[in-house]
Amino acid sequence: MKNKISGSMEMIPIENAAGTILAHDVTEIRAGDFKGAAFKKGHVIQSEDIEHLKRLGKEHLFVLRPGPEDVHEDDAASRLAAALSGPGVIYSGTPVEGKLTLRAAYKGLLKIDTGSLTELCSIPEICCATRHTNTVVDRADAVAATRAVPLLIKRDVLDRAVEIAGTGDGILRVEPFSTPRAGIVVTGNEVFTGRINDTFGDVLTKKLETFGCDVLEPVLSPDDSQAIRKGIEALLAEGAGLILVAAGMSVDPDDVSRQGIKEAGAVDIVYGTSVLPGAMFLSGRIGRVPVLGVPACALYYRATALDLILPRVLTGEIITRLDIAKLAHGGLCLNCDQCRYPICPFGK
């Protein structure tokens, strides 16, 4: 008896199953011992499997009869992974249950063409799940996984998916971090005069060192725009390729860091964000050197607007007002009792 179910799938007697492709998982239950798949979907049935299947009560099976226009899920996953992988994204091995995991080739910032990803996943037969774009990843971190949804996918559908997946250099890429010498100007009369010890320099130094930056000795400056300008210029003269100006970023009359940054020659200044904490963050550049104005909240919170912007700056991105505006969606820190950033919604 042969009962054709649909397209390439048929129901056949168990005696005729050797050499065919199983179209579904076959479950086995052993009391108090095991419950799971004795044979998984996609398994090529061997003659020695027949008696085992009969012991599981199987007299008929749904099997696949691939045609010339059908592509097996494993082959589909391999083609999709190859197309999706842009610079800094790798995969290896054979698919597991039809799925391949893509990983970062090195530490960097994951970038995803979200528009093309949405177009790709609008094809019902295609699955590609990723991490969020602009996520910092380490070497070998998983960044995405892909598969075809059916066990067999039509070749023309897969071809269309592969074409979309390969848009540009691929939907997924990892941008490597630069490691410039970094300079820090810590502002505040109370710090400059020694009334309180500087802790801001230590906080920012640790953040920069996680990206491999060599950090120059922090410059302490009073709340004076000319002094701040001179501090920035001194760090540039020492070869700083990145400048962070800490504190003095609010609208208080004594907070003149923004003015000092402007007087040092910064252009393309973007001040103010819809990120909390970090509403008074500043981004600009002096020549090719990025300058970031860091509000005092970075002293008290593990993650602020700085942590969302700094990795992007270290990949060479020039931050625009639109970039900052897009951070509003997901830019609210929940101020959890135990901070788990970046494993949380902040910045996502």
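Everything numeric here is computed off the predicted structure, so don't read it as measured data.
- Atom CD of E190 is surrounded by more than 12 heavy atoms from other residues, nucleotides or ligands within 6.0 Å.
- Other residues, nucleotides and ligands contribute at most 12 non-hydrogen atoms within 6.0 Å of the CZ atom of R139.
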How far apart are the C-alpha atoms of C128 and L80, what are their side-chain angles, what is the distance that settles it, and do they pass the side-chain contact (heavy atoms from CB on, under 4.5 Å) test? CA-CA 9 Å; C128 179; L80 286 166; over 6 Å; no

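- A heavy-atom distance below 4.5 Å is not found between the side chains of V136 and P342.
- The closest donor-acceptor contact from the side chain of Y106 to the backbone of V174 lies under 3.5 Å.
- Atom NE2 in H72 sits 4.5 Å away from atom CG in L151 (nearest 0.5 Å).
- Contact check for L61 versus I14: side-chain heavy atoms found under the 4.5 Å cut-off.
- Under a cut-off of 6.0 angstrom, the local environment of OH in Y301 is sparse, with at most 12 non-hydrogen atoms contributed by other residues, nucleotides or ligands.
- In terms of heavy atoms, A148 sits closest to A76 at CB-CB, 3.9 Å.
- Under 4.0 Å is where a charged nitrogen must lie from a carboxylate oxygen, and between K54 and E15 at least one such pair does.
- The number of heavy atoms from other shown groups lying within 6.0 Å of CZ (F34) is above 12.
- With a 4.5 Å cut-off on side-chain heavy atoms, D49 and H43 count as touching.
- Judged purely by atom type and a 3.5 angstrom limit, K348 uses its side chain to pair as donor or acceptor with the backbone of C344.
- Side chains of L327 and I309 form a contact here, defined as non-hydrogen atoms less than 4.5 Å apart.
- Put simply, OG1 on T27 and NZ on K40 are 9.0 Å apart, with the number rounded to the nearest 0.5 Å.
- No side-chain heavy atom of D113 sits less than 4.5 Å from a side-chain heavy atom of L117.
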Verdict with reasoning, I318 to D323, per side-chain contact (heavy atoms from CB on, under 4.5 Å): CA-CA 9 Å; I318 295 176; D323 293 324; over 6 Å; no

Starting from the C-alpha separation in whole Å, work towards a yes-or-no answer on side-chain contact (heavy atoms from CB on, under 4.5 Å) for I45 and I50. CA-CA 8 Å; I45 298 170; I50 303 297; 4.1 Å; yes

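- The shortest non-hydrogen separation linking R285 to D268 is NH2-OD2, 2.6 Å.
- V215 and V291 fall into different hydrophobic clusters, defined by Ile, Leu, Val, Met, Phe, Trp and Tyr side-chain heavy atoms under 4.5 Å apart, directly or through other members.
- Using a distance-only test at 3.5 Å, with no hydrogens or angles considered, no donor-acceptor pair links the side chain of R147 to the main chain of E73.
- Between I90 atom CD1 and T101 atom OG1 the span is 12.0 Å, to the nearest 0.5 Å.
- How far CG of D169 is from OG of S85: 11.5 Å, rounded to the nearest 0.5 Å.
- Counting heavy-atom neighbours within 6.0 Å of N197 CG, excluding the residue itself, gives a total of 12 or less.
- In this structure, R181 contributes its side chain and E238 its backbone to a donor-acceptor pair below 3.5 Å.
- Side-chain atoms of D198 come within 3.5 Å of backbone N or O of F200 as a donor-acceptor pair.
- Contact annotation: the side chain of I21 never approaches that of V63 to less than 4.5 Å [non-hydrogen atoms, C-beta and beyond].
- Put simply, the side chain of T315 never gets that close to the backbone of F177: no donor and acceptor are under 3.5 Å apart.
- Contact of the R155 side chain with the L158 side chain is not registered, since no non-hydrogen atoms from C-beta on lie closer than 4.5 Å.
- Note: the hydrophobic cluster containing V294 does not contain I228 (ILVMFWY, side chain heavy atoms under 4.5 Å, direct or indirect links).
- Going from atom CD of E163 over to atom OG of S116 covers 11.0 Å, rounded to the nearest 0.5 Å.
- N16 places no side-chain N or O within donor-acceptor distance of the main-chain N or O of P13, the cut-off being under 3.5 Å.
- With hydrogens and angles ignored, the 3.5 Å screen pairs no side-chain donor or acceptor of S178 with any backbone N or O of P180.
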Show your reasoning for whether side-chain contact (heavy atoms from CB on, under 4.5 Å) applies to V275 and F281. CA-CA 9 Å; V275 175; F281 182 84; over 6 Å; no

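- Using a cutoff of 4.0 Å between basic side-chain nitrogens and carboxylate oxygens, D141 and K107 are not scored as salt-bridged.
- Classification of K154 and D70 as a salt-bridged pair holds, one side-chain N sitting under 4.0 Å from a carboxylate O.
- Under the 4.5 Å side-chain contact rule for hydrophobic residues, L306 and L314 share a cluster.
- In terms of modelled atom types and a separation under 3.5 Å, the side chain of T273 and the main chain of G278 share a donor-acceptor contact.
- Each of I286, L292, L235, I184 was scored for a side chain to side chain contact (heavy atoms under 4.5 Å, CB included) with I243, with one residue passing: L235.
- When atom types are taken as modelled, the side chain of Y271 and the backbone of M249 share a donor-acceptor pair closer than 3.5 angstrom.
- The shortest distance between side-chain heavy atoms of T130 and L84 does not fall below 4.5 Å.
- Nearest approach of G284 to L282, heavy atoms of both residues: N-CD2, 4.1 Å.
- For the side chain to side chain contact (heavy atoms under 4.5 Å, CB included) criterion with P222, the lone passing option out of T187, N189, V191 is N189.
- Under the 4.5 Å side-chain heavy-atom criterion for grouping Ile, Leu, Val, Met, Phe, Trp and Tyr, V313 is connected to V203 within one hydrophobic cluster.
- Taking OG of S283 as the reference point, atom CZ of R312 lies at 10.0 Å (rounded to 0.5 Å).
- For R340, the CZ atom is loosely surrounded, since the number of other residues' heavy atoms within 6.0 Å does not exceed 12.
- Here the rule is side chain to side chain donor-acceptor pair (under 3.5 Å) with S225, and of K262, E263, Q259 only E263 fits it.
- Cluster membership for L310 and I261, using ILVMFWY side-chain heavy atoms within less than 4.5 angstrom, is not shared.
- Considering every non-hydrogen atom in both D74 and G98, the closest pair reads OD1-CA, 3.3 Å.
- Scanning both residues, Y91 and S78, for their nearest heavy atoms gives OH-O, 3.6 Å.
- The two atoms that bring L56 and A38 nearest to each other are CD1-CB, 3.9 Å, heavy atoms only.
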